[in-house]
Asks: 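Mind having a look at this structure? Questions to follow.
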Protein chains: 2
Amino acid sequence: MQAKGMPLDIMYAMDLDQAKQEQGRLSRGRSWIETFRDNVNARALEFVSNVRKLGRDDPRRVFHSLKVGLALTMVSLLYFCQPLYNSFGVSAMWAVITVVFVFEFSVGATLGKGVMRGLATLLAAALAVGAHHLANVSGRIGEPILLGIFVFLQGKIDYLSIPSLIKQKPKSLLAIAAVVFTFARFYATIKARYEYGLVVFILTFSLISVSGYRDDEILKLAYHRLSTILIGGSACIIISILVFPVWAGEELHNLIASNMDKLASFLQGFGHVYFGMTEDGVSKQDKSFLQGYTTVLNSKNNEDNLANFARWEPGHGRFQFRHPWKQYLKIGARTRRCAYLIESLNGHLNPQAKPEIPGKIRETCTEMSLECGRALKELAFAIKTMVKPFAAHVHIENSKSAAKNFNSLLQSSGLWGDNMDLLQLVPMATVVSLLIDVINCTEEIAESVHELASMVNFEAVESTVPPEKPETGQSKPVKSSDDVQTVIPVVLSL
Amino acid sequence: MQAKGMPLDIMYAMDLDQAKQEQGRLSRGRSWIETFRDNVNARALEFVSNVRKLGRDDPRRVFHSLKVGLALTMVSLLYFCQPLYNSFGVSAMWAVITVVFVFEFSVGATLGKGVMRGLATLLAAALAVGAHHLANVSGRIGEPILLGIFVFLQGKIDYLSIPSLIKQKPKSLLAIAAVVFTFARFYATIKARYEYGLVVFILTFSLISVSGYRDDEILKLAYHRLSTILIGGSACIIISILVFPVWAGEELHNLIASNMDKLASFLQGFGHVYFGMTEDGVSKQDKSFLQGYTTVLNSKNNEDNLANFARWEPGHGRFQFRHPWKQYLKIGARTRRCAYLIESLNGHLNPQAKPEIPGKIRETCTEMSLECGRALKELAFAIKTMVKPFAAHVHIENSKSAAKNFNSLLQSSGLWGDNMDLLQLVPMATVVSLLIDVINCTEEIAESVHELASMVNFEAVESTVPPEKPETGQSKPVKSSDDVQTVIPVVLSL
């Protein structure tokens, strides 16, 4: 339609303008859509590559996910098969819930959670059903029995209040039980290992004593809940043990060894980096091995968890059922103390004016840290392969004699000349003193590794020196087997 | 009855013997029962005293247990009130389950779990119901819509396979979803904060898509589960906020301050203990303050958890909703690094032959650690009371000048005499060098505390020196307010 009193060319121009604006809007719209799509695509690609990396870093994660899928599929048969559904009904979902909550990454964690869930459910169900039953019959035969029990145990409890409490106040019973067991979760020793069991206990007890209010449901609920949880729990446990099992014990074993290995790498490299003497193979830039130890500093939590899980695991591979996992924690604690010292040492690696240090002292210091690193590497290798660490003792002795050597060098005035600056000596003395602390700590680690070795009968293999690339000139060759033979009695007497 | 051919007196003797044995057995039995009862009583008493200690150490634990009981009682009304029971039926147990799993010690943890549980249930229910619905209608109108969506987003997905998959293989859908989301739990950034949400998501999705197989139940299940979870979750959240709330943020705030305080106590005592100079008030045996720092070494996990919980909390007391909790983690990390150094220092406290050290050097070293400890104490006090830490800078400068003083003392040959033993100097030099590292670390901590102070506008109070018992002779008095005034611009320019 044409507006009144408006020249035709203006109208046309307006139309053109509008058309252009329309087009602009459209193209802006399209570009906004395109940007959005590109964004989404880029994000998706980044996400996919992240996920791939996650899977590549540890393929067991992928297997774990598949295992959970398998367990859920198996358990969902309770729903999909008509005969099974007829017998369990809606309660079949408890099996699904059990699988989702119980299936963990390692066998130990799954076993622990599964067994605790089963036992706690059984116990809570028995208690709740029993209390309910007692409340019903307490007038006739329950009271004398309760009387006997309480008189026998304490002689003091106002026993009469309990049955009447159960009978008249199901809500108070529930509340009291919840309060008591919630408080029990704080109980330190329980908290670490049995917390999940307590949660399930509170849950089942609450559910069943609440349902107990409606008589017709209580036994059915208890029975269904228990049987479906057993089905779900055993599906988890069987699959986690049979299909590509991940053993928490083995994880702990490897973690302890690799932590020690990281400290060893630091120490083996430290001397060369501190005195600016790089080996032929190692460029000055490649110092990543110096940062490995930082993960050891905060490993306590991880180790504690793994040891808790490992206690649930049956014998597997090289590990018996009652493998001394506590000893691993002891070794771990000492390794961590060594890591703290290394953290302090690391602060002295930062670029600062290095004092003029005589070549002989440099060599001695380098050897101290090198030999100490070798000892740790040997100990880590011994744990990993479960053979007795003979050569470690030799390396520790070497580093100790290097330390003694340093002391005598320090006192020989000839080395320093007359115009010695004490101020220059301080950083150097600190490094050596920390290294000596590290050596002492390594000796303690070696001691606890030997304890472990005698506890689980590590194999006695004569030469356990791990294959390592030959060091250049300034390092001392590993002592011959003659020395090792003389050391054995010392080691065995530890 | 009398046995044949046996004299009567022997028979009597046998009877007597038997009677004695019988009596002995009885008394053994009674004593066994008594021992057992005594054992049980002793254990019970020990348990009760342990429990009492648990409650006395932190009365909030008792309140927490009572709060859980209150929440459970409230939620159990769904069962006990007939009209409520009529509308929810057996689904009321979801409310109980929610309370048991969601109610945590701190408000932040409860809020986080509650909100995640609600959202994850909503999302999973919507997805599962949607997928189920799509599968039913996909032949008619679903397919074109899906077509549009997938072409728009990617243009590549083989969209046709999805509806048919949902339709024909509910089990595969369930398995695939479980596998995907279980794998997602490994996704590092998700793991720390949203793991619980993912578990609930997997659970709800599995439950509902399993039930989806039986048409009549799916919508009812989704609706009931969602509404009862909302009821249970909000009961938890309301009670945890209104009744004696325990704020994770406040816990973190206090933890960081108290960790710093522990390091300060060590440093303030270190000099006196190392040089064997005990203060009047402190006996040589009372060295418990020297061990306080060990808990700081492994505090990372606790701090991370508290910061995660604190992010969920609304503003409370002195803390806004978006309080910079990350800055606390930064301060915590630096405090921990300082604790590692102190662990190395602590190794030098063990009884060993102390070198003969001139009195002046002793005084300087003692002052270094004392002033550094005061700085840390000031910083801890500033965090706790949320006022700007002016005096900390003064103390740090004092300890730095003491360090410089030490250097010049070391170089003045007059102090040492001619027959100086370098070997005696090494442990001394190590301690001083570590102390200097600690001072540097303290300076970094002070820097991050100042950052925090400017982020959340700490109050500027002129004198913030905490009340502390006066030190004896060898310590320098805290500088007067004149000095503090000159320091303020420096502090503010940080």
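Just so it is clear, the values below take in all heavy atoms, side chains as well, and ignore hydrogens, waters and symmetry mates. So you know, we letter chains A, B, ... as the sequences are listed, proteins then strands, and number each from 1.
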Asks: CZ of A:Arg336 to OH of B:Tyr340: how many Å apart, nearest 0.5 Å?
Replies: 9.5 Å
Asks: Quick one: do A:Glu343 and B:Ser344 satisfy side-chain contact (heavy atoms from CB on, under 4.5 Å)? Show the steps, please.
Replies: CA-CA 9 Å; A:Glu343 166 82 3; B:Ser344 305; over 6 Å; no
Asks: With sequence neighbours excluded, what pairs up with B:Thr294 under the side chain to side chain donor-acceptor pair (under 3.5 Å) test?
Replies: none
Asks: Could you have a look at A:Leu341, A:Asp58, A:Val431 and say which one has the most heavy-atom pairs with chain B under 4.5 angstrom?
Replies: A:Leu341
Asks: Name, in order of residue number, those residues of residues 296-305 of chain B that have a heavy atom at a distance of less than 4.5 Å from a heavy atom in chain A; otherwise write 'none'.
Replies: B:Leu297, B:Asn298, B:Lys300, B:Asn301
